[in-house]
S.K.: 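One structure coming up, written as structure tokens, with questions to follow.
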Number of protein chains: 2
Amino acid sequence: MLTDRSGILEDMARPVPETHQEILAAAARRFAVTGYKGTSLQDIAREVGCSKATVLYHFANKEALLGELMAPAIAVLEALDARIAAHRGGAAQRVAAEGFVDLAVRFRREIALLRGEFPDLLQQPAFAHVQQISERLIDAFAGQSDRPSARIAALVVLAGIAETCAEFIAIPDEELRPALLAVVQRALEPAT
Amino acid sequence: MLTDRSGILEDMARPVPETHQEILAAAARRFAVTGYKGTSLQDIAREVGCSKATVLYHFANKEALLGELMAPAIAVLEALDARIAAHRGGAAQRVAAEGFVDLAVRFRREIALLRGEFPDLLQQPAFAHVQQISERLIDAFAGQSDRPSARIAALVVLAGIAETCAEFIAIPDEELRPALLAVVQRALEPAT
DNA sequence: AATCGGTCTGACCGATCGGTCAGGTGCTGA
DNA sequence: TCAGCACCTGACCGATCGGTCAGACCGATT
């Protein structure tokens with residue numbers, strides 16, 4: 001039933017009107033500055049230059065907006081989770097460290113907009129398994145050890161990386177990533 | 001400050017009515033769970049068992065409540081800042097590391113209720129110099145180095161400690177503190 | 001010319017926010 | 001007995017929140 005209403009876009013690259021993307025970009029910008037709860041739909045609409053009703057025409061609700069914004073990062077996080085599981089018992093710690101640093105550097109903006117609202121937002125169904133994944137990440141960082149000191153070190157590193165990436169939004173990737181990898185290798189006990 | 005409303009309280013055991021303290025305790029409990037912005041004066045009043053107007057009778061406004069709640073932690077933080085400045089050039093890094101771990105462990109609850117709202121709350125006049133202090137803390141952790149890798153490592157450790165303390169609210173101090181000190185010593189490069 | 005669907009909007013909704021205010025209550029000192 | 005004060009409250013305020021809805025606009029199809 002779909003009439004591709006301009007024969008020119010055979011390349012199927014435009015299933016979504018540009019306003020949709022503009023709203024997404026504006027929301028990312030605002031969320032990164034004032035947080036999810038701290039940003040109103042009005043704020044986003046003002047930044048786009050449209051009405052609040054338009055925002056809610058393109059997205060079912062505020063939560064759906066956040067979900068679409070976080071989807072790529074979550075997909076990569078899930079892929080990392082699978083890769084860690086595949087190395088269980090072997091080089092899981094190294095895979096987790098390198099993979100998470102990569103992810104954190106790449107999705108700095110997404111991490112920044114979750115800052116501090118992580119606990120609240122994890123309750124939402126869209127992020128249901130993210131919590132489990134982060135627990136498995138801590139396991140991997142701790143070298144699958146149950147020793148409290150290992151788990152504490154793992155959480156320090158994990159949370160520290162996330163916060164640091166959110167803070168250094170301007171620094172180039174090539175500078176941030178090796179510095180993070182270095183501190184991670186130093187901080188994590190060799191799995192005992 | 002409260003008006004000492006009669007010269008008779010020589011015994012200085014009751015300078016503040018008990019409701020005041022109950023509100024303070026209830027606010028600390030709620031803030032730690034749902035955050036500052038996420039907790040309404042209604043929530044606090046409900047937990048105390050009084051009306052919202054009573055909360056605002058004892059505290060000028062919500063910000064004043066938070067200020068009184070954070071005052072002890074901030075006082076200790078300022079003392080640490082002074083101690084670090086005194087060791088400038090010498091053992092500043094060690095003083096900063098041990099002092100901050102102590103502080104973070106001791107004021108876990110206070111740190112937890114700032115979770116993620118740190119950037120917003122630092123704007124408020126009550127926390128004006130806290131921002132400068134935390135920058136000096138990073139300086140000390142980085143061994144006064146300007147190298148980006150040193151500053152990144154410092155921020156990872158600082159933020160990681162804070163987040164970890166906020167997360168492990170149940171674990172006993174004797175277990176948390178040495179584990180944190182160990183990971184800090186490992187993670188921080190010897191000042192080069 | 002008529003219609004139709006995608007896009008967009010102003011007006012509006014109920015809920016909740018932090019905060020104000022006039023007044024009630026009960027103890028205390030004169 | 002009575003004035004004064006600390007304490008507490010319900011009612012109320014303006015602002016803002018996320019979200020709904022009826023309808024305006026407009027290019028494409030018939």
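Proteins come first, then strands; the chains are lettered A, B, ... in the order of their sequence lines, and each starts at number 1. In this text, all values refer to a predicted model and were calculated from it rather than measured experimentally.
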S.K.: For the atom pair CZ (B/F100) and SG (B/C165), what is the distance rounded to the nearest 0.5 Å?
M.R.: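 That separation rounds to 7.5 Å.
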S.K.: May I have the distance from B/H20 (atom NE2) to D/dC8 (atom P), rounded to whole angstrom?
M.R.: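 Those two atoms, NE2 and P, are 11 Å apart.
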S.K.: If the cut-off is 4.0 Å, is A/H58 near the phosphate of C/dG6, judged by side-chain N/O to OP1 or OP2?
M.R.: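 For A/H58, the contact criterion (side-chain N or O under 4.0 Å from OP1 or OP2 of C/dG6) is not met.
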S.K.: Return yes if some donor-acceptor pair links the side-chain N/O of B/K62 with the main-chain N/O of B/T39 below 3.5 Å, else return no.
M.R.: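 Yes, because the side chain of B/K62 sits within donor-acceptor range (under 3.5 Å) of the backbone of B/T39.
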S.K.: Nearest to the side chain of B/T19, which nucleotide is it out of C/dC8, D/dC8, C/dG19?
M.R.: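 Of the options given, the side chain of B/T19 lies nearest D/dC8.
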S.K.: Does B/R109 have any salt bridge (charged side-chain N to carboxylate O under 4.0 Å, His left out) partners at least two apart in sequence or in another chain, and if so, which?
M.R.: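 With sequence neighbours excluded, B/R109 shows a salt bridge (charged side-chain N to carboxylate O under 4.0 Å, His left out) to no residue whatsoever.
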S.K.: Test of understanding: with side chain to side chain donor-acceptor pair (under 3.5 Å), list the residues that count as partners of A/Q131, not counting sequence neighbours.
M.R.: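 Partners of A/Q131 by the side chain to side chain donor-acceptor pair (under 3.5 Å) criterion come out as none, since no residue qualifies.
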S.K.: Suppose we screen for side chain to side chain donor-acceptor pair (under 3.5 Å). Which residues come up paired with A/E68, at least two apart in sequence or across chains?
M.R.: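 In terms of side chain to side chain donor-acceptor pair (under 3.5 Å), with neighbours along the sequence ignored, A/E68 is linked to A/H20.
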S.K.: Rounded to whole angstrom units, what separation is found between the OH atom of A/Y57 and the P atom of D/dA22?
M.R.: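 Those two atoms, OH and P, are 16 Å apart.
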S.K.: Under 3.5 Å, which donor-acceptor pairs do the side chains of residues 78-92 of chain B form with other protein atoms, sequence neighbours left out?
M.R.:
residue, atom, partner, partner atom, Å
B/E78, OE2, B/H129, NE2, 2.5
B/D81, OD1, B/R136, NE, 3.0
B/D81, OD2, B/R136, NE, 3.3
B/D81, OD2, B/R136, NH2, 2.6
B/H87, ND1, B/R83, O, 2.9

S.K.: Name all residues meeting the side chain to side chain donor-acceptor pair (under 3.5 Å) criterion together with A/Q132; count only those two or more places apart in sequence or in a different chain, and write none if there are none.
M.R.: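 Scan of A/Q132 (side chain to side chain donor-acceptor pair (under 3.5 Å), adjacent residues dropped) gives none.
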S.K.: Considering residues at least two apart in sequence or located in another chain, which fulfil the salt bridge (charged side-chain N to carboxylate O under 4.0 Å, His left out) criterion with A/R106?
M.R.: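 None.
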S.K.: Which residues in residues 45-56 of chain A have at least one heavy atom lying under 4.0 Å from any atom of DNA chain C?
M.R.: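 Per residue number, the list reads A/C50, A/S51, A/A53, A/T54.
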S.K.: Can you sort out which residues in residues 27-40 of chain A have a heavy atom within less than 4.0 Å of DNA chain D? Ascending by number, please.
M.R.: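 Those residues are A/T39, A/S40.
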S.K.: Whole angstrom is fine here: how far is it from CG in B/L66 over to P in C/dG19?
M.R.: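 Spelled out: CG on B/L66 to P on C/dG19 is 12 Å.
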S.K.: Name all residues meeting the side chain to side chain donor-acceptor pair (under 3.5 Å) criterion together with A/R186; count only those two or more places apart in sequence or in a different chain, and write none if there are none.
M.R.: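 Result, side chain to side chain donor-acceptor pair (under 3.5 Å) vs A/R186: none returned.
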S.K.: How long is the line joining CG of A/L41 and P of C/dT9, in whole Å?
M.R.: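 That distance rounds to 14 Å.
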S.K.: What's the angle between the local helix axes at either end of the helix from C/dA1-D/dT30 to C/dA30-D/dT1, using five pairs per end and rounding to 10 degrees?
M.R.: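 It works out to 20° between the end axes.
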S.K.: Between atom CD in B/E63 and atom C1' in C/dG19, what is the gap in whole Å?
M.R.: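 It is 14 Å, rounded to the nearest whole Å.
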S.K.: What is the distance, to the nearest angstrom, from the CG atom on B/N61 to the P atom on C/dG18?
M.R.: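 Roughly 11 Å, once rounded to whole Å.
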S.K.: Which pairs would a plain distance check flag for residues 168-181 of chain A, meaning a side-chain donor or acceptor within less than 3.5 Å of a matching protein atom at least two apart in sequence or in another chain?
M.R.:
residue, atom, partner, partner atom, Å
A/D173, OD1, A/R108, NH2, 2.2
A/R177, NH1, A/D102, OD1, 3.3

S.K.: Once you round it to whole Å, what is the distance between P of C/dA15 and CD of B/Q42?
M.R.: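 The distance from CD of B/Q42 to P of C/dA15 comes to 14 Å, rounded to the nearest Å.
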S.K.: Name the atoms and distances for all side-chain donor-acceptor pairs under 3.5 Å in residues 148-156 of chain A, with sequence neighbours left out.
M.R.:
residue, atom, partner, partner atom, Å
A/S149, OG, A/R147, NH2, 3.1
A/R151, NH1, A/D139, OD1, 2.7

S.K.: Quick one: B/Q21 CD to D/dC7 P, roughly how many Å, whole number?
M.R.: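 Nearest whole value for this atom pair: 12 Å.
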